[in-house]
Amino acid sequence: MDFEPGPPSATPTEPPAKRRGPGRPRDPEVEKRLKRAALEVLAQHGMSGLTLEKICDKAGAPRATFYRRWATPMQAVGEAFNEAFLFETLPDTGDVVADLVALGQAMLDLYNDPVVGPCMSFLIAESRVRPELFQNGQEDFLRRRAYNRQVVERAIARGEIPADTDADLVIDTLSGLALNNQATRRPLTPTMLEFVVRRLLGL
């Protein structure tokens, strides 16, 4: 399973819950609380402790409200996780080094979030033993990757870097550094990021 920030996913992790008939309109604040609670429960209790009861208790919402939105706790986690990985905008200052350092720092901040970071670790581990839960993960990753590649592709279009620059290698490296930092806590400063970016771009 690949994790990398990007635009929101159009594909849920699991099949969507069945649509229900007309009724009380959804409260976006309740939905927001439930999604946040799903991530917090996963971060605190792991996959074995990810239960509907814990999510609803933490969000202060009844089970019926949850089921109007999702069929399973994992579906709520998938939607919440994809939203957490959304970068509304990408750095676009006209300086590719500054833009990539900013993107790398944003990845560092996200991967080290006290809720998102543990969730990511649990989901990566779970994907190894239950790949069927993450069958849409590659599609989501490719969507995020295409989005993030724009930082490099804009620089190529400006003539700032060579046309044969491997955008995927650049983004892979930034994401890998952020993931390693999250796992090992080895310091990774903006100066270090800039050094790596310049080496990758041959600048």
Worked verdict on Ile171 versus Leu103 for side chain to side chain contact (heavy atoms under 4.5 Å, CB included): CA-CA 9 Å; Ile171 303 302; Leu103 179 62; 3.8 Å; yes

Nearest 0.5 Å please: distance from the [atom1] atom of [X] over to the [atom2] atom of [Y].
{"X": "Phe66", "Y": "Ile55", "atom1": "CZ", "atom2": "CD1", "result": "5.0 Å"}
{"X": "Asn148", "Y": "Leu174", "atom1": "CG", "atom2": "CG", "result": "9.5 Å"}
{"X": "Glu194", "Y": "Thr189", "atom1": "CD", "atom2": "OG1", "result": "9.5 Å"}
{"X": "Leu188", "Y": "Met107", "atom1": "CG", "atom2": "CE", "result": "12.0 Å"}
{"X": "Arg36", "Y": "Lys58", "atom1": "CZ", "atom2": "NZ", "result": "9.5 Å"}
{"X": "Asp92", "Y": "Asp99", "atom1": "CG", "atom2": "CG", "result": "6.0 Å"}

Among Val152, Val196, Val197, the one residue meeting side chain to side chain contact (heavy atoms under 4.5 Å, CB included) with Val170: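 So, applying the side chain to side chain contact (heavy atoms under 4.5 Å, CB included) to Val170 and each of Val152, Val196, Val197, only Val152 qualifies.
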
For [X] and [Y], which heavy atoms make the closest approach, and how far apart are they?
{"X": "Arg69", "Y": "Gln75", "value": "O-OE1, 3.8 Å"}
{"X": "Thr93", "Y": "Ala98", "value": "OG1-CB, 4.1 Å"}
{"X": "Leu42", "Y": "Met47", "value": "CD1-SD, 3.5 Å"}
{"X": "Pro190", "Y": "Gln105", "value": "CG-OE1, 3.9 Å"}
{"X": "Pro91", "Y": "Val151", "value": "O-CG2, 4.2 Å"}
{"X": "Phe87", "Y": "Tyr147", "value": "O-OH, 2.6 Å"}

Less than 4.5 Å apart, any side-chain heavy atom of Phe81 and any of Met120?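 They are in side-chain contact.
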
Are Leu201 and Arg198 packed together at the side-chain level, in the sense that at least one heavy-atom pair is separated by less than 4.5 angstrom?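 Contact flag for Leu201/Arg198 side chains = no.
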
Would a distance-only check, ignoring hydrogens and angles, find a side-chain to backbone donor-acceptor pair under 3.5 Å from [X] to [Y]?
{"X": "Asn180", "Y": "Gly176", "answer": "no"}
{"X": "Arg186", "Y": "Asn181", "answer": "no"}
{"X": "Gln182", "Y": "Ala178", "answer": "no"}
{"X": "Ser175", "Y": "Asp172", "answer": "no"}
{"X": "Thr173", "Y": "Leu169", "answer": "yes"}

With side chain to side chain contact (heavy atoms under 4.5 Å, CB included) as the test, would you mind laying out the steps for Leu108 and Leu177 before giving the verdict? CA-CA 8 Å; Leu108 274 171; Leu177 286 170; over 6 Å; no

Any ion pair linking Arg154 and Glu160 (charged N to carboxylate O, less than 4.0 Å)?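 A salt bridge is absent here (no side-chain N lies under 4.0 Å from a carboxylate O).
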
Assess the residue pair His45 and Phe122 against the criterion (side chain to side chain contact (heavy atoms under 4.5 Å, CB included)); give the C-alpha distance rounded to whole Å, side-chain angles, the decisive distance to 0.1 Å, and a yes or no. CA-CA 10 Å; His45 302 284; Phe122 284 125; over 6 Å; no

